[in-house]
Number of protein chains: 2
Amino acid sequence: MLTEKELKEYCAGARENYLAHISIDCVVFGFHEGLMKVLLLEVKDEGEWYLPGGFLLKKEPIEMAANRILKERTGLDEIFLQQFHVFGDPDRSKQHFDMYKDMIAPEENWFTNRFLTIGYYALVDFCETNPAPDQFAAKCSWRDLNDLPELKLDHALILKTALDTLRLQLNYQPIGYNLMPKEFTMPELQKLYETILDKKLDRRNFQRRMLGFSILTRSDQPRKGGAHKAPYLYSFDLENYKAALTEGFKGGW
Amino acid sequence: MLTEKELKEYCAGARENYLAHISIDCVVFGFHEGLMKVLLLEVKDEGEWYLPGGFLLKKEPIEMAANRILKERTGLDEIFLQQFHVFGDPDRSKQHFDMYKDMIAPEENWFTNRFLTIGYYALVDFCETNPAPDQFAAKCSWRDLNDLPELKLDHALILKTALDTLRLQLNYQPIGYNLMPKEFTMPELQKLYETILDKKLDRRNFQRRMLGFSILTRSDQPRKGGAHKAPYLYSFDLENYKAALTEGFKGGW
DNA sequence: CCAAAAGTGTTGGTAATACACCCATGC
DNA sequence: GCATGGGTGTATTACCAACACTTTTGG
């Protein structure tokens, strides 16, 4: 939590540098040990959580802002980002940053403005991230998707919408390149799909289908060391992967 | 084109009533005589065209603003609207309303601000619309999708993105309820799909597929009067239609 | 040698494609 | 009566889902 002086400086700086009424919120998905993770920030000691977000510099492209914000929270560059919706209910930010309301006059308080927030979802490699809190949070950390805390504002809605969009996207786009390490086994990739969809899939059919997309390259070396039979290692064929991203899978009509 | 006085009043009013930096642009699709139509506005005598759009009142929900704007342009209420993307390139509105630049100081000119525009697409019944221009246009009229004039700003990009989204949407959602009259024949509906997709479809397979969705009700009365065999009339089964809208067609995974 | 993980093969059903034939009507 | 538009049927194919067997490896 900021002191009164810090808050006033922040608000003055925000008004000078940021475009009014616009914010960006990011739903960052990661995948680790068979669980879907979401990156969240926690207000110190209050058990209040919210999505990584920020504002748009006056001359900054939107996507660049999202990248900047995520770079600050995760340390990562070149994240897979997808804009999915704008949330603009006039009341959505009513109780935002209520705790600061006695420190500053409402007309000076940046946060009492109405904000439309542009929702992005991001897919990142869990192991590569270095979560770092912003100035309003005590910590930034991964939370399990099926064990989420209560979220501030409409962030629960934003998260749910992101998840729905991601699940839909699965049907006509490859995903995984951004969530998996460079090399992985087919069962590991399957676990990712099962986790996102929250549903068990058939091993053999999954493999056939995946290979049918021709976006995977099988390595010569199987993964060794584990108990049981050594699985093959795969990596994404980036060229075909990107082609599939733009063209989509099932032609439909 | 506005006079200097009108412009100054407009800008003062806009600053007072509208949320800064946000605009809304709508791609309104209609369907008539076998052709896909888009509603456009033309600046008087200049051959410059642009999409119906407007601004967001300070306390207005986004969707309500889109509805309000479309009501003004088309006379229609309860239009099918779908938010599809936010366009926010910092340079996107650089040359917007250039012709007014000598009338008003830049800092007073509402239009020299940076705007992020929220793109909506709408599907409407062509025959029900009463196109009406806004205060910056001489006329508002339907144009053929395959014979479009040059558009101002990034409106060509917005239109293309809307069309791509619509085509994608076809794969997992029913459409047509908003584009067709109450009753229609199967070949008429097929023409709609063919027009949107810009592709010929097989008569029999189209029918089988459509009926398979169980969103159509066949009327007892065939359409009479035309030459040749009288085709059946269909209407949408609203209950199933809406269920299909939310649940989607092909389950995918 | 057995349990557990992983690789591969087969089959049946469903849905999409590509066809051909019949019916009604106006000219 | 024939051209045209429209309704319906069928065979072939491709894909998806369900299922079974074999192989490898550590304990």
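By convention in this document, chain letters (A, B, ...) are assigned in the order of the sequence lines, proteins followed by strands, and residues within each chain are numbered from 1.
Taking the six-membered ring for Trp, Phe206(A) and Tyr193(A) have ring centres closer than 6.0 Å. Checked against a 6.0 Å centroid threshold, the rings of Tyr177(A) and Phe184(A) do not count as neighbours.
Between the NZ atom of Lys200(B) and the C1' atom of dT17(C) there is a distance of 17 Å, given to the nearest Å. Between the P atom of dG7(C) and the CG atom of Leu216(A) lies a distance of 12 Å, rounded to the nearest Å. Note: CE (Met210(A)) to C1' (dG7(C)) measures 17 Å, nearest angstrom. dG7(D) atom C1' lies 15 Å from atom CZ of Phe206(B), rounded to whole Å. Across the protein-nucleic acid pair, Leu201(B) atom CG and dA18(C) atom P stand 11 Å apart, rounded to whole Å. Rounded to whole Å, the distance from OH on Tyr232(A) to C1' on dT24(D) is 11 Å. Leu233(A) has its CG atom 14 Å from the C1' atom of dG7(C), to the nearest Å. One atom, CZ of Arg209(B), and another, P of dA16(C), lie 5 Å apart when rounded to the nearest Å.
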For nucleotides 9-14 of chain C, just jot down a letter per nucleotide in 5' to 3' order: B, S or -, based on protein non-hydrogen atoms under 4.0 Å.
-> BB----
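Side chains of Tyr121(A) and Asp25(A): a donor-acceptor N/O pair is absent below 3.5 angstrom, by distance only.
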Stepwise, does the side chain to side chain donor-acceptor pair (under 3.5 Å) test hold for Tyr120(B) with Asn67(B)?
-> CA-CA 10 Å; Tyr120(B) 277 84; Asn67(B) 265 303; over 6 Å; no
Can Ser23(B) and Thr117(B) be said to form a side chain to side chain donor-acceptor pair (under 3.5 Å), step by step?
-> CA-CA 4 Å; Ser23(B) 65; Thr117(B) 200; 2.8 Å; yes
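Residue Pro187(A) is the one, among Pro187(A) and Arg203(B), whose nearest nucleotide of DNA chain C lies closer to the 5' end (criterion: closest heavy atom).
With respect to Glu194(B) and Lys200(B), a salt bridge is recorded, a charged nitrogen being found less than 4.0 Å from a carboxylate O.
Taking only side-chain atoms of Lys229(A), from C-beta outward, the nucleotide of dA17(D), dG6(D), dA5(C) with the closest atom is dA5(C).
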